[in-house]
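Keep in mind it's a predicted model, so treat the numbers as computed, not measured. These numbers come from the heavy atoms of this one structure, side chains and all, not from hydrogens, waters or symmetry mates.
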Amino acid sequence: TVAGLRKLVISDAKKAFDKSLSKIHALGEIREELRWYGDCWYWCVALMSEHMEDPLAILIPFPEDLQIATTLSHEFIDQLSTRRLKRFVRDGLELAMAPHQTNWAIWSIPTPMAAEDVMPVIKNKFKYYTQ
C-alpha cells in the first residue's frame with residue numbers, strides 16, 4: 001500500500017513524501033498506483049494522469065534516501081525554463097538529456113523543502129501534457 005511504502009522512509013523524508021503527494025494531487029486528477037520497477041527501485045508510488053501513458057512522477061521510498069523521478073522528453077526539456085531552478089534540480093535533469101541513454105530525471109528529496117524545489121518541473125510537465 002502507499003501507507004506501507006511511506007513507513008519505509010525515515011524522519012523528515014516522511015514529511016517530504018506527504019508534501020510531494022499533496023502538491024501533485026493539487027495539480028488535477030491524479031491517481032496513485034503501486035508499481036514494480038525491478039531490482040533498482042523496487043515498489044514505488046506511481047502518480048498517474050489520464051493525459052499521459054507514463055507516470056507524471058514516481059516516489060521511490062528508499063529508507064535512507066527518498067527520491068522522486070519522472071520521465072522527460074527532449075522536447076519538454078528544451079522548452080523548460082531552467083534558470084530559476086535550483087542547482088540540484090537542474091542536476092537531476094541531466095540524466096534525461098543527451099548523451100545519456102535514459103529519459104528519467106531523478107532527485108533525492110530528504111526534506112519537504114527539497115520536494116518543493118522539484119515541483120516546478122512536475123507542474124510544468126503536467127501542464128505540457130494536459131494542454
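- Side-chain N or O atoms of Lys125 include one that pairs as donor or acceptor with a backbone N or O of Thr71 at under 3.5 Å.
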Practice prompt. Test Asp12 against Phe17 for side chain to side chain contact (heavy atoms under 4.5 Å, CB included), laying out the working first.
Written response: CA-CA 9 Å; Asp12 277 351; Phe17 189 98; over 6 Å; no
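- Thr70 OG1 to Leu93 CG: the interatomic distance, rounded to the nearest 0.5 Å, is 10.0 Å.
- Between the Lys19 side chain and the Met113 main chain, no donor and acceptor come within less than 3.5 Å of each other.
- Tracing side-chain contacts under 4.5 Å through hydrophobic residues (I, L, V, M, F, W, Y), one reaches Val2 starting from Leu47; they form part of the same cluster.
- Heavy-atom neighbours of Lys23 NZ from other residues, nucleotides or ligands within 6.0 Å: at or below the threshold of 12.
- Both Met119 and Met52 belong to a common hydrophobic cluster when Ile, Leu, Val, Met, Phe, Trp and Tyr are linked at side-chain heavy-atom distances under 4.5 angstrom.
- Put simply, the side chain of Asp18 reaches to within 4.5 Å of the side chain of Arg6, judged on heavy atoms.
- Looking at Leu72 and Val121, their side chains come closer than 4.5 Å, going by heavy atoms from C-beta outward.
- In this structure, Phe88 and Ala114 approach most closely via the heavy-atom pair CZ-O, 3.6 Å.
- Scored by the salt bridge (charged side-chain N to carboxylate O under 4.0 Å, His left out) test, Glu32 finds no partners at all (sequence neighbours excluded).
- The backbone N or O of Phe76 lies less than 3.5 Å from a partner atom in the side chain of Gln79, making a donor-acceptor pair.
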Residues 53-68 side chain polar contacts: donor-acceptor under 3.5 Å, at least two apart:
residue: Asp65; atom: OD1; partner: Ser108; partner atom: OG; Å: 2.7
residue: Asp65; atom: OD2; partner: Gln67; partner atom: NE2; Å: 2.7
residue: Asp65; atom: OD2; partner: Ser108; partner atom: OG; Å: 3.3

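- To the nearest 0.5 Å, the span separating CH2 on Trp107 from CZ on Arg90 amounts to 12.5 Å.
- Closest non-hydrogen pair, Leu27 versus Lys123, comes out as CD2-CG, 3.7 Å.
- Within a 6.0 Å sphere centred on CD of Glu33, other residues, nucleotides and ligands contribute more than 12 heavy atoms.
- Taking CG of Asn124 as the reference point, atom CG of Leu85 lies at 8.0 Å (rounded to 0.5 Å).
- In the hydrophobic cluster analysis, where Ile, Leu, Val, Met, Phe, Trp and Tyr join through side-chain heavy atoms closer than 4.5 angstrom, Ile30 is grouped apart from Met48.
- Across every non-hydrogen atom of Ala16 and Pro112, the tightest pair is CB-N, 3.8 Å.
- Distance CD/Glu50 to OG1/Thr130: 10.0 Å, rounded to 0.5 Å.
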Item to complete: For side chain to side chain contact (heavy atoms under 4.5 Å, CB included), just list the numbers for Tyr42 and Tyr37, CA-CA rounded to whole Å, side-chain angles, deciding distance to a tenth of an Å, and then say yes or no.
Response: CA-CA 5 Å; Tyr42 308 110; Tyr37 280 91; over 6 Å; no
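- The 12-atom threshold is exceeded at CZ of Arg31, counting heavy atoms of other residues, nucleotides or ligands nearer than 6.0 Å.
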Discussion item. Show, in sequence, the C-alpha distance, side-chain angles and deciding distance for Met97 and Ile77, and conclude whether the side chain to side chain contact (heavy atoms under 4.5 Å, CB included) test is met.
Written reply: CA-CA 8 Å; Met97 299 164 68; Ile77 292 171; 3.8 Å; yes
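- Partners of Asp117 according to the salt bridge (charged side-chain N to carboxylate O under 4.0 Å, His left out) rule, which considers only residues two or more places apart in sequence or in another chain, are Lys86.
- Transitive grouping of hydrophobic side chains (ILVMFWY, heavy atoms separated by less than 4.5 Å) brings Tyr129 and Trp104 into a common cluster.
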